[in-house]
Amino acid sequence: MPAAAPHHGVSSPTFEPHVRALSDSAASASISTATLVRPWLARLHPGLFSIPLGLLALSGSWQRLTSLGWGSAALIAYCLLCLGLSILVLLLLLSLAKLCLHLEVFRQEFKHPVQGALLALMPVTCLLAVVLLRPSHPDWQFAVNLVVLLCLLFQALIAWQIVAQLATGQMPGELLSPVLYLPIVPGGFVGAMALYAIDLPGFAMLLMGMGLGGWALLEMRILNRLFAGPLPIGLRPTLGIEIAPAAVGTLAVATLWPALSADFILIGLGIASGPLFAVLTRWRWWTQTPFSFSFWSFSFPVAALASSITEAVRRGGWPSEVAAGAVLLASALVLFLALRTLSLLLQGRLLAQH
């Protein structure tokens with residue numbers, strides 16, 4: 001197991017008590033693990049929402065293939081949609097129970113720089129579900145509008161918390177990671193697609209701009225941290241989120257401007273290739289990390305890339321096999337993640353023991 005990354009670029013005493021507290025809590029946790037194990041519901045991790053998010057994003061990729069004449073794609077898209085929605089509903093119910101029975105744990109997660117940002121996966125997944133369901137269920141207007149409003153409000157609270165920690169110097173340098181993108185950048189882009197789906201294009205454009213602004217705000221800090229050296233081993237599975245801003249942003253542009261030329265989508269794909277190659281060059285960081293459900297962070301951006309490629313193929317009139325190849329690659333990744341996650345679940349190792 002590689003050594004943890006050294007501390008970079010943070011010498012202010014503001015961070016020292018927090019870093020010491022993290023070390024002390026980690027030490028005490030390791031001592032008491034044998035005698036005290038929290039209930040499994042209290043250990044329910046917000047990162048689990050990356051599983052239905054990846055499945056729903058892949059469902060959207062297969063659905064787009066139907067417009068290219070791949071008739072069997074509709075059935076696969078429907079199965080993935082049902083599976084993703086089922087897991088989403090289950091996790092929402094379990095999260096509600098956790099909120100009621102373990103409120104203090106939820107408060108601690110909300111204030112934590114990493115787990116607080118991961119909480120954004122919950123509203124982002126719900127918003128993506130709205131994007132997929134709204135066209136086929138126009139009669140659900142009131143319920144869908146309410147879901148979008150609640151999700152955007154919760155997402156805004158999480159984004160405020162993260163930006164406040166960054167802007168006031170309260171964010172420990174060793175916890176800077178691509179996770180911080182979630183509430184602001186993919187959240188803004190998926191939120192824009194959801195607003196467009198419920199016929200609010202003006203607000204969708206506004207939220208799209210906010211997502212772009214958040215991307216610019218975070219990019220330099222996060223890239224500076226990634227270029228400085230390896231992340232702590234527990235954060236390395238989240239490297240997949242680094243691909244998300246450009247990949248999801250390209251898909252959002254294709255969704256908000258349905259008549260846009262394929263050339264502009266190709267520009268977005270070209271921008272997305274930079275983070276993709278950067279993540280691939282760090283393959284030693286994440287291949288040396290024990291598998292956990294956190295590796296689902298790769299599923300959403302990869303599926304978004306496949307959807308964007310499919311849109312470019314459709315609008316450019318290019319061979320559909322290119323789009324099918326991209327969707328199949330994304331599907332292979334999700335299948336691998338699903339099998340490894342199922343193995344962890346059957347072994348009782350899906351959730352941390354403390």
Side-chain angles (χ1 to χ4, degrees), residues 46 49-50 53 56-57 60 110 113-114 116-132 134 144-168 170-171 176-224 238 241-258 260 264-265 267-269 271-272 274-275 297 300-301 304-305 307-308:
F49 280 92
S50 60
L53 181 61
L56 292 175
F110 182 78
V114 176
L118 286 172
L119 280 172
L121 289 168
M122 184 189 305
V124 170
T125 307
C126 293
L127 290 170
L128 184 59
V130 167
V131 173
L132 295 174
R134 173 64 171 148
V144 167
N145 290 358
L146 182 61
V147 168
V148 171
L149 176 62
L150 292 176
C151 287
L152 290 178
L153 287 174
F154 185 37
Q155 187 172 287
L157 286 175
I158 300 170
W160 177 274
Q161 177 77 6
I162 296 301
V163 172
Q165 290 176 349
L166 283 167
T168 58
Q170 299 177 43
M171 180 71 70
L176 284 171
S177 74
V179 170
L180 302 180
Y181 285 127
L182 284 172
I184 304 168
V185 190
F189 295 157
V190 178
M193 289 191 286
L195 287 171
Y196 188 84
I198 62 173
D199 301 322
L200 293 174
F203 287 106
M205 304 301 172
L206 176 64
L207 197 54
M208 181 75 187
M210 294 172 68
L212 288 170
W215 186 6
L217 174 70
L218 294 170
E219 186 79 354
M220 190 170 297
R221 286 292 301 274
I222 294 175
L223 285 184
N224 182 62
T238 65
I241 302 174
E242 186 184 352
I243 311 169
V248 182
T250 301
L251 181 59
V253 167
T255 302
L256 269 57
W257 287 276
L260 195 66
F264 292 96
I265 300 177
I267 293 174
L269 289 171
I271 295 172
S297 70
F300 178 39
L305 279 175
S307 291
S308 298

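All of these numbers come straight from a predicted model, not from anything done at the bench.
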Can you check whether G187's main-chain N or O pairs, donor with acceptor, with Q155's side chain at less than 3.5 Å? yes
Report yes if some heavy atom in the side chain of F300 is under 4.5 Å from a heavy atom in the side chain of L56; otherwise report no. no
To the nearest 0.5 Å, what is the distance between CG on L269 and CG on L251? 10.0 Å
I need the minimum non-hydrogen distance between A159 and I184, along with the two atoms involved. CB-CG1, 3.9 Å
Under 6.0 Å from the CZ atom of F154, do we count more than 12 heavy atoms belonging to anything else shown? yes
Ignoring hydrogens, what is the shortest heavy-atom contact between L121 and P46? Give both atom names and the distance. CD1-O, 3.9 Å
To the nearest 0.5 Å, how far apart are CG in L166 and CD1 in I222? 7.5 Å
Could you give me the CA-CA distance, side-chain angles and deciding distance for L152 and L207, then say whether side-chain contact (heavy atoms from CB on, under 4.5 Å) is met? CA-CA 10 Å; L152 290 178; L207 197 54; 3.8 Å; yes
Close side-chain approach of V130 to M193, heavy-atom, < 4.5 Å: no
Non-hydrogen side-chain atoms of L118 and V179 separated by less than 4.5 Å: yes
Mark yes when over 12 heavy atoms from residues, nucleotides or ligands other than M122 sit less than 6.0 Å from its CE; otherwise mark no. yes
If I compare all heavy atoms of T250 with all of S308, which pair ends up nearest, and what's the gap? CG2-OG, 3.8 Å
Distance col, row L157:CG vs I162:CD1, nearest 0.5 angstrom, shows 12.0 Å
Do F264 and W257 make a side-chain contact, defined as non-hydrogen atoms from C-beta onward lying under 4.5 Å apart? no
Among residues two or more places apart or on two chains, list those pairs meeting side-chain hydrogen bond (donor to acceptor under 3.5 Å, both in side chains) that have a residue in residues 178-202. Y181-E219
Shortest non-hydrogen contact from P183 toward A117: CD-O, 4.0 Å
So, for P178 and T238, which heavy atoms are closest and what is the spacing to 0.1 Å? CB-O, 3.8 Å
Within-4.5 Å side-chain heavy-atom neighbours: N224 and L176: no
Are any non-hydrogen side-chain atoms of I158 and F110 less than 4.5 angstrom apart? yes
Residues passing the side-chain contact (heavy atoms from CB on, under 4.5 Å) test with A197, sequence neighbours excluded, are R134
Taking all non-hydrogen atoms of both residues into account, name the closest pair between C151 and P123 and its distance. O-CB, 3.5 Å
Contact check, side chains of L182 and V124, non-hydrogen atoms, under 4.5 Å: no
Please assess M208 against L195 for the test side-chain contact (heavy atoms from CB on, under 4.5 Å), listing each intermediate value before the final yes or no. CA-CA 10 Å; M208 181 75 187; L195 287 171; over 6 Å; no
Could you tell me the separation between the CG atom of L256 and the CZ atom of F189, rounded to the nearest 0.5 Å? 10.5 Å
When you compare the side chain of L180 with that of M171, does any pair of heavy atoms fall below 4.5 Å? yes
